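Structure in C-alpha cells, see below.
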Amino acid sequence: VYVFNAELHRGQSTKNLRVTVYGPCTRRSFSSLLFPSNCGNIMASSFARILSSKRNVGILSLVGAGSLTVGFLLNREQHVSAGAQVRRVYPPSAEYPDLRKHNNCMASHLTPAVYAKLCDKATPNGYTLDQAIQTGVDNPGHPFIKTVGMVAGDEETYEVFADLFDPVIMERHNGYDPRKMKHPTDLDASKIRSGLFDEKYVLSSRVRTGRSIRGLSLPPACTRAERREVERVVINALGGLQGDLAGKYYSLTQMTEEEQQQLIDDHFLFDKPVSPLLTCAGMARDWPDARGIWHNNEKTFLVWVNEEDHTRVISMEKGGNMKRVFERFCRGLQEVERLIQEKGWEFMWNERLGYVLTCPSNLGTGLRAGVHITLPRLSKDPRFPKILDNLRLQKRGTGGVDTAAVGSTFDISNLDRLGQSEVQLVQTVIDGVNYLIECEKRLEKGQDIKIPAAISQFK
Amino acid sequence: MPFGNTHNNFKLNYKNEEEFPDLTKHNNHMAKVLTKEIYAKLRDKQTPTGYTLDDVIQTGVDNPGHPFIMTVGCVAGDEESYEVFKDLFDPVICDRHGGYKATDKHKTDLNFENLKGGDDLDPNYVLSSRVRTGRSIKGYALPPHNSRGERRAVEKLSVEALNSLDGEFKGKYYPLKSMTDAEQEQLIADHFLFDKPVSPLLLAAGMARDWPDARGIWHNENKTFLVWVNEEDHLRVISMQKGGNMKEVFRRFCVGLNRIEEIFKKHNHGFMWNEHLGYVLTCPSNLGTGLRGGVHVKLPKLSEHPKFEEILTRLRLQKRGTGGVDTASVGGVFDISNADRLGSSEVEQVQCVVDGVKLMVEMEKKLEKGEAIDSLIPAQNI
C-alpha cells in the first residue's frame with residue numbers, strides 16, 4: 001500500500017496544489033496539477049479522474065475541507081522500485097564496449113569513467129545504460145550523417161543517464177545546454193508571416209513531429225501491454241476529432257488488402273523498420289502488434305501509432321501553402337492533447353528538453369517542417385551547401401533521411417529541433433525557402449546570387 | 001537482457017491477457033504450444049541470470065513463419081532456461097524431436113570406432129563431407145542473453161583451450177574485429193568466414209549484439225578442423241574435407257572434441273550437458289548431439305524422382321541447398337544430412353548419413369543406367 005498525502009490548511013487555496021506520489025508510482029508525478037478552488041469537489045476533479053483511470057487504483061477515503069488526506073491502494077503487489085538492481089557479473093572495465101571504430105554521438109561521449117558511473121543504474125522501469133547504448137554499439141557509423149547512437153526507453157532515461165545524454169544533446173543540438181537552458185514551446189500558428197510558396201518550385205509542404213504519452217514506456221522498452229495501451233489512448237483521442245480533422249484508424253494487424261493498397265498509393269503506409277539503427281534498439285519487437293495509421297478523410301492530417309515513437313503527427317498537402325499546413329498541424333495537435341487530457345493522460349514534456357521522444361535528435365519540438373522543391377540551377381551552384389547552412393536548413397532526398405536526391409528535386413527542412421519554438425522553426429523554413437526560390441529565379445535570369453548572412457541561433 | 005522487455009516485475013502490473021502475444025497468424029513450434037495458461041504460469045519466473053519467458057519467445061513472436069522449414073520460435077538464454085520454462089520447452093522439444101518425452105534419456109557416443117564403414121563413399125558423387133556440432137560453456141549465459149563481459153570471457157577461455165592443441169589440431173585464432181584484409185580474403189576463399197547474422201530469426205533473439213566483439217574463427221593448419229566462437233552458440237565445432245571419407249571426418253571430429261572438452265574441464269568450465277537433453281545449446285533444435293553430419297552430393301536424377309522426399313524421410317535424412325539451411329539446391333547438388341539430433345547418439349546419426357548416402361548414390365547410378373530403383377527403397381523408416 002502506498003499513501004500520498006496532500007495537506008491543505010484552513011484558508012489555503014487549492015489552486016496549484018502540489019501533490020507528490022510516493023513509492024513505485026513516483027514516475028507518474030502529478031506535480032503542478034490545477035484543482036478547482038472548491039476543495040469538496042476534489043473527487044469530481046480531473047485529479048481524481050487521473051487516479052481512477054489508471055490501472056487498479058482505488059481511492060480509500062477523502063476528508064473534507066481543512067485537511068485532506070487521500071490514500072490509495074495499489075492492487076498489484078509486485079512493483080519495481082526506483083532504480084532496480086542491475087545484474088552485474090563483471091566489473092565495468094570488462095563490460096565497456098569497444099568503440100574504437102565507431103563514429104556516433106554516443107561513442108564520442110561514453111568514456112570508461114561515464115560508463116562505470118552509470119552502468120549500475122536503472123530507471124524505475126528497469127531500463128539500463130547497456131540497453132540505451134545498444135544501437136550505437138551495434139551500428140558504428142552511417143554514410144550520410146553522424147548518428148546519435150542511443151535511445152531512451154522511458155521518460156526517466158534522460159534523467160537517470162543525464163551524464164551521458166546531456167553532452168550528446170549538446171553536440172547534436174548545436175550547443176543547446178540542457179543543464180542551463182530552457183526550451184520554448186509555441187504552437188500559435190497565427191504568428192506565421194507569409195508561408196505561401198511559388199508552386200512553380202514547391203511541389204508539396206509538410207510538417208511532422210512526435211508525441212509520447214506520459215507514464216508509458218517508449219518503443220525501445222515498452223511491453224506488449226504498454227504498446228497496446230498507447231494505441232488505445234491515442235485512437236480514443238483521435239476518434240474525438242471533428243470537422244476537417246475527422247478521420248479513421250487503420251490497424252496494421254487488421255487492415256484489408258484494399259485498405260493497404262490505398263494507403264500505399266497515398267504514400268501513407270509505414271512498414272516494419274529495416275534500418276538497423278531502429279531494429280537494434282528493439283523498436284520492431286512484436287511487429288505489427290498495436291501499430292497503425294490514422295488519417296483524416298481529407299488525407300491532410302496523419303498520425304502514425306507505435307512506429308519509432310508513440311505517435312508521429314504529420315500535416316501535409318500538395319503545393320506551397322505551408323501556412324495552412326502549419327495551422328492545421330497546431331490545431332490538430334492541440335485538439336489531440338485536449339482529448340487525451342480529458343481522460344487523464346498527458347504528453348511527455350519538460351522545460352529542459354521540451355517534448356520527450358525516443359531519439360535525442362527529436363527532443364524539443366521534434367519538428368521537421370519541409371518542402372519538396374525543384375531547384376535545377378541552384379542545386380548545381382557550388383554555393384548551395386553554404387547557403388543552406390547559413391539559412392539553418394538541411395537537404396535530403398525525396399525518399400527521406402536515408403536517401404539521396406533524384407534529379408534536382410530536394411526535401412528541404414529545418415536543421416534545428418531544440419532551443420527554438422515551433423513557430424520560430426517554421427518561420428525559418430518559410431524565410432529560407434523563399435530565399436532559395438529567389439536565388440533560383442535570379443539564376444534563371446542570369447543574375448548573380450549572394451550567400452546570406454548566417455542566421456544567429458540561440459548561442 | 002537485450003531489450004526493455006526484461007524488467008519483469010514492472011510488467012506484472014499488466015494482466016496476462018494484456019501481455020499475451022498475438023499468435024493468430026503464426027506458424028512455429030512456440031506458437032503451437034504457448035497457451036494463455038502456460039504464459040500465465042511462467043510469466044513471473046526468471047532464471048538466475050534474469051532471463052524471462054518474454055525473452056525466450058521474442059524471436060518466435062517477431063518471426064511468424066519461414067518459407068522452407070517449421071522454425072522453433074524460442075531460444076534459451078542460459079542453461080537453466082530449459083528447467084525454469086520446461087512447461088513451454090518440453091512440448092516444443094517433443095514436437096520438434098519426434099515425440100521425445102520429458103522423461104526420456106539421451107545417449108551420448110563420441111567413440112568414432114563404433115562407426116561402421118563410411119570411408120568408401122564414391123567421390124565422383126560425394127564432393128565433400130562435414131560434421132558439425134555446438135558446445136556451450138557451463139557457467140556462462142548463452143548468446144541471446146550474455147553481456148559483453150561474459151562473451152569476452154567465453155572467447156578468452158576458448159582461445160586458451162584451442163591454442164593448447166597440438167599435432168593434427170595445431171592451429172590459430174582469427175578474431176573478427178582485428179583480422180587483416182589478407183586473412184579475411186583467405187578465410188573467405190576457404191569458405192570458413194562467418195559473417196554477422198542477417199537472419200531475422202537470430203537478430204530478433206539478440207544474438208548479433210555488439211558484433212563483432214569477441215567473435216572469431218579458429219582453425220587447424222590443415223584446414224580440416226574449425227571452431228566458430230560466439231556466433232549462434234558459444235562454440236560451433238566443424239570437421240570437414242573434400243571427398244567422401246566420412247569415417248576420417250568423424251574420427252577427427254570426435255578426437256578433437258574430446259581433447260577440447262578435457263581442457264575446459266581442467267578450467268572448471270566443462271560443457272553444458274545433462275542426461276535428459278544431452279548437450280545444451282541455444283536453439284532447442286540443436287539439443288542432444290547438436291550434430292549435423294552431411295555431404296555435398298550430386299543427385300540430379302534421384303532428386304527428380306517422385307519418391308525423393310519419401311526416401312529421405314525413411315532414411316531419416318534431410319536435404320538443403322549447398323548454401324546451408326536457408327537455401328535451395330543448385331545444379332542437382334544437395335546437402336544431405338541427418339534429420340535427428342535428440343534421442344540418438346552421434347555414432348547412430350552419422351551411421352544414418354553414411355548408410356543412407358551410400359544407398360542414394362547406388363540409386364543415382366541405377367537411374368543413370370535407366371534402371372528402376374523401387375527394390376532399393378526402404379519399406380519403412382529405419
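Keep in mind the model is a prediction, meaning the values are calculated, not measured. Reminder, nothing fancy here: chain letters follow the sequence lines and each chain counts from 1.
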**Report entry** Stepwise side chain to side chain contact (heavy atoms under 4.5 Å, CB included) check, A:Arg224 with B:Phe20
**Finding:** CA-CA 8 Å; A:Arg224 278 181 295 273; B:Phe20 190 74; over 6 Å; no
Report task. For B:Lys265, look at atom NZ and say whether over 12 heavy atoms of other residues, nucleotides or ligands are found less than 6.0 Å away. Result ->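 Count not over threshold, so no.
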Query raised in the report: In Å, rounded to the nearest 0.5 Å, how long is the span from CG of B:Asn63 to CH2 of A:Trp287?
Result: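 The distance works out to 14.0 Å.
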Query - Closest approach of B:Asp22 to A:Arg228 (non-hydrogen atoms, all atoms of both residues) - result: N-NH2, 3.6 Å
Query raised in the report: Given A:Asp286 and B:Gln58, is the side chain to side chain contact (heavy atoms under 4.5 Å, CB included) satisfied, shown in steps?
Result: CA-CA 7 Å; A:Asp286 313 312; B:Gln58 189 69 57; 3.0 Å; yes
Query raised in the report: Between B:Arg152, B:Arg151, B:Glu17, which residue shows the highest count of heavy-atom pairs closer than 4.5 Å to chain A?
Result: B:Arg152
Query raised in the report: Looking only at heavy atoms, what is the nearest atom pair of A:Asp138 and B:Lys196, with distance?
Result: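 Distance-wise, the nearest heavy atoms are O-NZ, 3.6 Å.
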Requested in this report: Please say which of B:Lys11, B:Glu19, B:Glu18 ends up in a side-chain hydrogen bond (donor to acceptor under 3.5 Å, both in side chains) with A:Thr223.
Outcome: B:Glu19
Requested in this report: Could you pull out all residues at least two apart from B:Lys45 that satisfy salt bridge (Lys or Arg N to Asp or Glu O under 4.0 Å)?
Outcome: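 Checked B:Lys45 against salt bridge (Lys or Arg N to Asp or Glu O under 4.0 Å); zero matches.
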Requested in this report: Below 4.5 Å from any heavy atom of chain A, which atoms of B:Leu23 appear? Answer side chain, backbone, both or neither.
Outcome: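 Looking at B:Leu23, nothing touches chain A.
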Query raised in the report: Does the side chain of B:Asp54 come within less than 4.5 Å of A:Arg285's, by heavy atoms?
Result: no
Query raised in the report: Given that the side chain runs from C-beta out, which part of A:Arg227 has a heavy atom under 4.5 Å from chain B: side chain, backbone, both or neither?
Result: neither
Report task. Below 4.5 Å from any heavy atom of chain B, which atoms of A:Leu99 appear? Answer side chain, backbone, both or neither. Result -> neither
Query raised in the report: CZ/B:Arg148 to CG/A:Asp130 distance, rounded to the nearest 0.5 angstrom?
Result: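 That separation rounds to 4.5 Å.
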Query raised in the report: What is the distance from atom OG of B:Ser178 to atom CZ of A:Arg100, rounded to the nearest 0.5 Å?
Result: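 Rounded to the nearest 0.5 Å, the OG-CZ separation comes to 8.0 Å.
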